[in-house]
Amino acid sequence: MSSSLTTPKFRVAICGAGIGGLVLAITIGKFAERDVKIDLYEARDAIITAGAGISLSLHPNQIMEELGMHEEVSRFSTKSHGMMYRKSDSKEGGFEWFHHISKLSGTVRMKRQELVDILKQHLPASCTVHFNKRLTTYDKQLAGFLVLHFADDSVASTDVLIGADGIRSSVRKALFETIDQDVVDPSKIRHYADASWTGTSVYRALFPVKNLSEMNPNHVVLKGPVFFCGKEKHIFSYPVSQLIHVSAFISDNRKAGTPFEGRWVSDVPQEEVNEAFQNFEPAVKDLIKCCENPSRWAIHAVNELPLSICDRVALIGDACHAMLPHMGAGAGQAIEDAFVLGRLLAYPLTTLDNVLAALKVYQDVRLPFAQHIARQSERMGCMKDLDVSGYYDGTDRGNEREELDLLKEKILEARDWQSDGGAVAGWLKAERKLQESVGLRNGRCE
Ligand SMILES: Cc1cc2nc3c(=O)[nH]c(=O)nc-3n(C[C@H](O)[C@H](O)[C@H](O)COP(=O)(O)OP(=O)(O)OC[C@H]3O[C@@H](n4cnc5c(N)ncnc54)[C@H](O)[C@@H]3O)c2cc1C
Ligand SMILES: *[C@@H]1O[C@H](CO)[C@@H](O)[C@H](O)[C@H]1NC(C)=O
């Protein structure tokens with residue numbers, strides 16, 4: 001067992017203090033105590049987060065519980081069981097498509113900053129946070145350790161580097177730019193290093209509940225989360241701690257993979273949102289009237305990577321698999337990565353000599369699953385945009401309701417992804433694999 005007198009078994013540098021990086025530091029601190037020295041490097045001057053609301057499903061919630069944060073999360077979050085889907089692209093009025101009551105109660109919604117503030121307070125004593133440290137690249141030294149380079153020209157060293165630096169990850173770029181040609185085809189390097197535009201943009205806004213209730217006291221969003229679906233567009237809106245969150249998506253699948261010109265996030269006039277949804281029902285018009293300062297986000301995603309580890313470097317969260325947000329699962333997947341990887345690194349059997357085996361287990365357990373969720377998320381977006389081949393495509397051929405019923409079944413099937421296993425089951429699987437592989441030859445990035 002560890003005590004403050006023992007020297008740490010190795011040093012871990014975490015690049016990025018987002019949700020993934022914070023959960024990783026907390027997990028290592030909780031299970032390794034001072035046995036692993038953690039340095040957390042954050043590009044910004046504080047632990048802050050962009051964006052408005054966030055939903056956490058059952059598994060990430062179980063992890064919050066394992067890490068002793070369940071009570072605080074419950075205090076700041078709104079539980080929701082039901083979800084209404086409407087067919088809304090009609091000026092005269094839409095209709096309720098279906099109401100889904102989840103069998104898997106356990107999804108909570110909260111403000112992103114509140115979640116991040118809770119995580120910040122749980123950072124362990126073994127973790128040193130360094131602000132204004134934007135990693136630019138790293139080098140591998142023959143002795144095995146890594147040298148980190150930062151934008152302010154400073155350097156630092158570490159034994160293990162974790163890229164938790166989000167969709168535009170510098171760690172991912174450096175990893176693929178320096179990888180051996182026999183591991184990854186050089187013509188694919190840019191494809192893996194750079195994120196791609198998905199063809200989807202989202203208008204986002206947040207405003208007080210009373211702004212909507214004064215305009216329309218019977219508005220459907222005041223009762224709970226609603227999807228307003230239409231051809232190639234849909235809106236997701238829900239109340240979260242006295243605020244209404246609006247995400248209005250517009251998609252053009254033909255543009256997926258093409259470069260996006262301009263800034264990924266920009267403020268836009270309300271008129272632009274109104275214009276985009278002018279063929280939608282009156283309830284949507286009311287919502288948009290309340291969106292006084294909307295922003296538009298060009299949604300990018302990380303192309304499906306062939307690996308998430310190389311040598312003593314691993315990628316987690318958005319750095320590894322930034323995805324479309326249609327399953328509300330991106331942060332949850334970052335939390336699951338962080339929990340499994342953190343426990344593997346903290347595990348008493350894991351040492352500097354066999355740490356590659358632990359990283360390999362992380363990759364085997366997490367990468368295929370997270371990539372599966374990313375594909376499901378893309379498909380879910382198409383379903384809500386009435387744009388899946390073989391199903392209702394938004395054209396009423398006289399049997400619209402029947403076709404919508406078939407599509408509804410598909411949506412419900414896709415929502416059931418989290419019903420098997422559990423967050424802790426994921427870790428137990430990783431633990432078994434680690435026990436089997438420790439003592440065997442340590443693989444390189446294969
Ligand atoms: C519109 C939209 C809605 C979403 N809704 C949900 C939702 O409801 N539920 C959900 O689970 N997920 C949602 N997501 C996804 C979720 O936001 C991300 O998956 C999640 O934030 C990923 O966390 P992360 O820690 O991996 O990365 P990030 O949150 O991006 O954190 C990365 C951190 O690294 C820092 N950094 C970046 N580069 C460097 C560098 N070079 N050196 C040092 N530090 C660096 C950044 O400053 C930041 O602090 C949504 C995403 C979008 C776009
Ligand atoms: C909410 O409404 C008030 C007026 O009642 C307005 O001043 C305020 O800007 C609105 N808030 C947002 C975020 O749109």
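What you see below is based on every heavy atom in this structure, not just the backbone, and it leaves out hydrogens, waters and symmetry mates. Here the structure is a predicted model, which means the values were calculated and not measured.
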Does [Y] offer a backbone N or O that forms a donor-acceptor pair with the side chain of [X] under 3.5 Å?
{"X": "D180", "Y": "D182", "result": "no"}
{"X": "S170", "Y": "L135", "result": "yes"}
{"X": "S377", "Y": "M327", "result": "yes"}
{"X": "D337", "Y": "G317", "result": "yes"}
{"X": "E33", "Y": "D35", "result": "no"}
{"X": "T27", "Y": "V23", "result": "yes"}
{"X": "R109", "Y": "I54", "result": "no"}
{"X": "R296", "Y": "S201", "result": "no"}
{"X": "Y362", "Y": "L315", "result": "yes"}
{"X": "T350", "Y": "A358", "result": "no"}

Using every non-hydrogen atom in the two residues, find where [X] and [Y] come nearest and quote the distance to one decimal.
{"X": "V361", "Y": "S437", "result": "CG2-OG, 4.1 Å"}
{"X": "I167", "Y": "W264", "result": "CG2-CZ3, 3.9 Å"}
{"X": "D385", "Y": "S251", "result": "OD2-OG, 3.2 Å"}
{"X": "A17", "Y": "E42", "result": "N-OE1, 2.8 Å"}
{"X": "A430", "Y": "V340", "result": "CB-CG1, 3.9 Å"}
{"X": "R168", "Y": "K173", "result": "O-NZ, 3.8 Å"}

Atom [atom1] in [X], atom [atom2] in [Y]: separation rounded to 0.5 Å?
{"X": "L56", "Y": "S77", "atom1": "CG", "atom2": "OG", "answer": "8.0 Å"}
{"X": "L40", "Y": "I28", "atom1": "CG", "atom2": "CD1", "answer": "10.0 Å"}
{"X": "D159", "Y": "L352", "atom1": "CG", "atom2": "CG", "answer": "5.0 Å"}
{"X": "L359", "Y": "D311", "atom1": "CG", "atom2": "CG", "answer": "10.0 Å"}
{"X": "E272", "Y": "S266", "atom1": "CD", "atom2": "OG", "answer": "7.5 Å"}
{"X": "I235", "Y": "I288", "atom1": "CD1", "atom2": "CD1", "answer": "4.5 Å"}

Test item: side-chain donor near acceptor, [X] and [Y], under 3.5 Å:
{"X": "D353", "Y": "T351", "result": "no"}
{"X": "N253", "Y": "D387", "result": "yes"}
{"X": "S157", "Y": "R11", "result": "yes"}

Does a side-chain heavy-atom distance below 4.5 Å link [X] with [Y]?
{"X": "T158", "Y": "Y138", "value": "no"}
{"X": "L434", "Y": "N354", "value": "no"}
{"X": "M323", "Y": "Q376", "value": "no"}
{"X": "Q62", "Y": "F339", "value": "no"}
{"X": "Q121", "Y": "E72", "value": "yes"}
{"X": "T49", "Y": "I19", "value": "no"}
{"X": "L341", "Y": "I316", "value": "yes"}
{"X": "R172", "Y": "E177", "value": "no"}

Tell me, yes or no, whether the heavy-atom count around [X] atom [atom1], taken from other residues, nucleotides or ligands under 6.0 Å, exceeds 12.
{"X": "Q242", "atom1": "CD", "answer": "no"}
{"X": "D153", "atom1": "CG", "answer": "no"}
{"X": "E378", "atom1": "CD", "answer": "no"}
{"X": "K120", "atom1": "NZ", "answer": "yes"}

Run the side chain to side chain contact (heavy atoms under 4.5 Å, CB included) test on I411 and M380 for me, step by step, so that the C-alpha distance in whole Å, both residues' side-chain angles and the decisive distance to 0.1 Å come before the verdict. CA-CA 7 Å; I411 292 179; M380 184 64 97; 4.0 Å; yes

In terms of relative ring orientation, are Y85 and W97 parallel, tilted or perpendicular, with 30° and 60° separating the classes? perpendicular

Ring-plane angle category for W427 and Y347, please: parallel below 30°, perpendicular beyond 60°, tilted otherwise. perpendicular

Does NZ or CZ of K133 fall inside the cone over Y41's six-membered ring, less than 6.0 Å from its centre and within 45° of the axis? no

Do F236 and V221 pass the side chain to side chain contact (heavy atoms under 4.5 Å, CB included) test, and can you show the C-alpha distance, the side-chain angles, and the key distance before you say yes or no? CA-CA 10 Å; F236 181 38; V221 170; over 6 Å; no

Proximity of F150 and H130 rings by center, below 6.0 Å: no

Please assess Q113 against D117 for the test side-chain hydrogen bond (donor to acceptor under 3.5 Å, both in side chains), listing each intermediate value before the final yes or no. CA-CA 6 Å; Q113 189 61 47; D117 286 342; 3.0 Å; yes

Derivation and outcome, side-chain hydrogen bond (donor to acceptor under 3.5 Å, both in side chains), residues H149 and D139: CA-CA 8 Å; H149 297 267; D139 315 311; 2.7 Å; yes

Quick test of your reading of the model: are K410 and E413 salt-bridged, counting only N-O distances below 4.0 Å? yes

Tell me whether R375 is salt-bridged to E304, with the criterion being a basic N under 4.0 Å from an acidic carboxylate O. yes

Candidate pair F228 and L287, rule side chain to side chain contact (heavy atoms under 4.5 Å, CB included), full reasoning: CA-CA 11 Å; F228 298 93; L287 262 188; 3.7 Å; yes

Kindly indicate, with the supporting measurements, whether the criterion side chain to side chain contact (heavy atoms under 4.5 Å, CB included) is fulfilled by F260 and I299. CA-CA 9 Å; F260 182 82; I299 303 184; over 6 Å; no

